[in-house]
Amino acid sequence: MTTIALIGTGRMARGLGTGWARAGHRIIFGSRVPAEKTDLIAGLPDAQVTTYADALDAAGIVVITLPYAEVAPFCRAYAAVLRERLVIDISNPFDHLPDNRVAGAEITRDAIGPGARVVAAFKTNFWTTIPTPLTADGLQRDVLFAGDNEDDKRIVAELITDLGFRPVDCGGLHNARILDGMVPLIIELDQRYGGAWQASWKLLP
Ligand SMILES: NC(=O)c1ccc[n+]([C@@H]2O[C@H](COP(=O)([O-])OP(=O)(O)OC[C@H]3O[C@@H](n4cnc5c(N)ncnc54)[C@H](OP(=O)(O)O)[C@@H]3O)[C@@H](O)[C@H]2O)c1
């Protein structure tokens, strides 16, 4: 069992938290307004919803599920503790990036500072698909992830597997630049070919 802090309590946090709790992990949600978010933890054994600071204190793995514009300020504010954690960045910058030569996850890493352990993951998975890692046709959806530390990526791959998805290691964190670009593209493809927010990227070796 791993204790996982999910920062933010929105659609992705709820899906990931529910899935990991069902897989036996302990989930601590961090919220700006924890008293208003207690419904989140109904039925999740040992789960808690608390402040950002207390969630960070309780867990060795931190999943940042904030809107992209909030991520770097959050990382700077909690840099000292985040340097001691494995950080999974799921946020999508869309047009917030100045150009395509840097990834949102690289900005997250730099905001945490020296020693940051950041893995980019789940960026290309719609929240609607998090509870259904298998499609109606029985195909296993992929979660693409990127990071610079092999040990950290092994941990993230296990967490992805625990949710029922297939982890696909996309290489170093610089490749998160490509993942960032795949997000608006899959939104366009989903609308073009179905429009039900059910599309996923799938690697067919
Ligand atoms: N939606 C998707 O399909 C999807 C897929 C992959 C990745 N992502 C990325 O994952 C992140 C979360 O997406 P989401 O769809 O789960 O977002 P969401 O439903 O809007 O939830 C975001 C959460 O962040 C917290 N928050 C902190 N500051 C905020 C602010 N200024 N405005 C709004 N919320 C704020 C809120 O929790 P509290 O109120 O408890 O503080 C809120 O519930 C985003 O960066 C997104 O790009 C989304």
Side-chain angles (χ1 to χ4, degrees), residues 4-20 27-42 44 47-56 58-59 62-78 82 87-97 103-109 111-112 118-133 141-147 156 159-160 163 165 167-168 170 176-191 194-202:
I4 303 168
L6 285 146
I7 303 301
T9 63
R11 296 169 295 181
M12 287 295 284
R14 284 170 192 258
L16 294 171
T18 302
W20 279 322
I27 301 303
I28 317 285
F29 292 99
S31 172
R32 295 167 299 174
V33 283
E36 295 173 20
K37 300 295 174 90
T38 50
D39 68 297
L40 264 181
I41 54 173
L44 305 185
Q48 272 179 263
V49 55
T50 182
T51 60
Y52 289 168
D54 286 350
L56 293 178
V62 177
V63 186
I64 305 179
T65 72
L66 302 175
Y68 176 76
E70 303 292 338
V71 175
F74 166 80
C75 289
R76 284 191 287 270
Y78 293 95
L82 288 171
V87 174
I88 303 176
D89 180 6
I90 74 160
S91 64
N92 287 320
F94 294 103
D95 53 2
H96 282 279
L97 290 179
E106 292 173 295
I107 293 176
T108 299
R109 175 199 61 202
I112 295 171
V118 175
V119 175
F122 295 103
K123 288 169 177 274
T124 57
N125 299 88
F126 293 141
W127 72 274
T128 38
T129 64
I130 299 297
T132 54
R141 298 183 196 272
D142 291 347
V143 172
L144 311 184
F145 65 102
V156 173
L159 290 176
I160 291 168
L163 291 170
F165 292 84
V168 175
C170 295
R177 303 169 191 185
I178 298 165
L179 299 183
D180 285 345
M182 290 169 74
V183 177
L185 181 57
I186 199 167
I187 291 172
E188 179 169 339
L189 292 173
D190 184 76
Q191 289 168 357
W197 301 102
Q198 289 298 311
S200 294
W201 292 112
K202 177 82 190 152

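In listed order, ligands and their atoms are each counted from 1. Predicted, not measured: the structure shown is a model, and the values here were computed from it. Residue numbers run from 1 in the order of the sequence given.
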**Request:** Could you tell me whether a side-chain N or O of T50 sits under 3.5 Å from a main-chain N or O of G30, the two making a donor and an acceptor?
**Result:** no

**Request:** Do me a favour and list the nearest non-hydrogen protein atom to atom 5 (C) of ligand 1 with residue, atom name and distance?
**Result:** N125 O, 3.0 Å

**Prompt:** Checking R11 side chain against T128 main chain: does a donor-acceptor pair fall under 3.5 Å?
**Reply:** no

**Request:** Heavy-atom contacts with Y52 under 4.0 Å: which atoms of ligand 1 show up? List them by number with element.
**Result:** 27 (C)

**Item:** Protein heavy-atom partner closest to atom 48 (C) of ligand 1 - residue, atom, separation in Å
**Value:** M12 CG, 3.6 Å

**Message:** Check this for me - ligand 1, T124, N or O atoms closer than 3.5 angstrom, yes or no?
**Reply:** no

**Item:** Sub-4.0 Å atoms of ligand 1 with respect to non-hydrogen atoms of S31
**Value:** 38 (P), 40 (O), 41 (O)

**Proximal candidate to atom 45 (O) of ligand 1 [heavy atom criterion; set L16, D180, L66]** = L66

**Item:** Per-atom contacts, ligand 1 versus F126 - under 4.0 Å to a heavy atom
**Value:** 3 (O)

**Message:** Please check: side-chain N/O of W127 versus main-chain N/O of G15, any donor-acceptor pairing under 3.5 Å?
**Reply:** no

**Request:** Have a look at T65, N92, T9 and point out the one with the heavy atom closest to atom 8 (N) of ligand 1.
**Result:** N92

**Message:** Run the side-chain contact (heavy atoms from CB on, under 4.5 Å) test on I186 and F126 for me, step by step, so that the C-alpha distance in whole Å, both residues' side-chain angles and the decisive distance to 0.1 Å come before the verdict.
**Reply:** CA-CA 9 Å; I186 199 167; F126 293 141; 3.8 Å; yes

**Message:** For A69, which part has a heavy atom under 4.0 Å from ligand 1: side chain, backbone, both, or neither?
**Reply:** neither

**Request:** May I ask you to check whether K37 and T9 show a side-chain donor-acceptor distance below 3.5 Å?
**Result:** yes

**Prompt:** Within the structure, does G8 bring an N/O atom to less than 3.5 angstrom of an N/O atom in ligand 1?
**Reply:** no

**Prompt:** Quick one: does ligand 1 sit under 4.0 Å from the side chain of V71, the backbone, both or neither, non-hydrogen atoms only?
**Reply:** neither

**Complete:** The atoms of ligand 1 lying under 4.0 Å from a heavy atom of I90, numbered in the order shown, are 7 (C), 8 (N), 9 (C), 10 (O)

**Message:** Heavy atom to atom 30 (C) of ligand 1, shortest distance: which of R32, K123, H96 holds it?
**Reply:** R32

**Message:** Show the atoms of ligand 1 that are less than 4.0 angstrom away from any heavy atom in Y68.
**Reply:** 45 (O)

**Asked** Can you find an N or O of K37 that's nearer than 3.5 Å to an N or O of ligand 1?
**Response** yes

**Complete:** the protein heavy atom lying closest to atom 21 (O) of ligand 1 turns out to be G10 CA, 3.2 Å

**Item:** Heavy-atom neighbours of Q198 CD exceed 12 at 6.0 Å
**Value:** yes

**Request:** Taking W201 for its side chain and L144 for its backbone only, find out whether a donor-acceptor pair lies under 3.5 Å.
**Result:** no

**Over all atoms of both residues, closest heavy-atom pair of T129 and W197** = CG2-O, 3.8 Å

**Asked** Heavy-atom contacts under 4.0 Å between F74 and ligand 1: side chain, backbone, both, or neither?
**Response** neither

**Prompt:** Does any N or O in the side chain of D180 come within less than 3.5 Å of the main-chain N or O of A103, such that one atom is a donor and the other an acceptor?
**Reply:** no

**Asked** Tell me, which protein residue and heavy-atom name are nearest atom 24 (O) of ligand 1, and how many Å apart are they?
**Response** P67 CD, 3.4 Å

**Prompt:** Given W127, F122, W197, which has its nearest heavy atom closest to atom 3 (O) of ligand 1?
**Reply:** W127

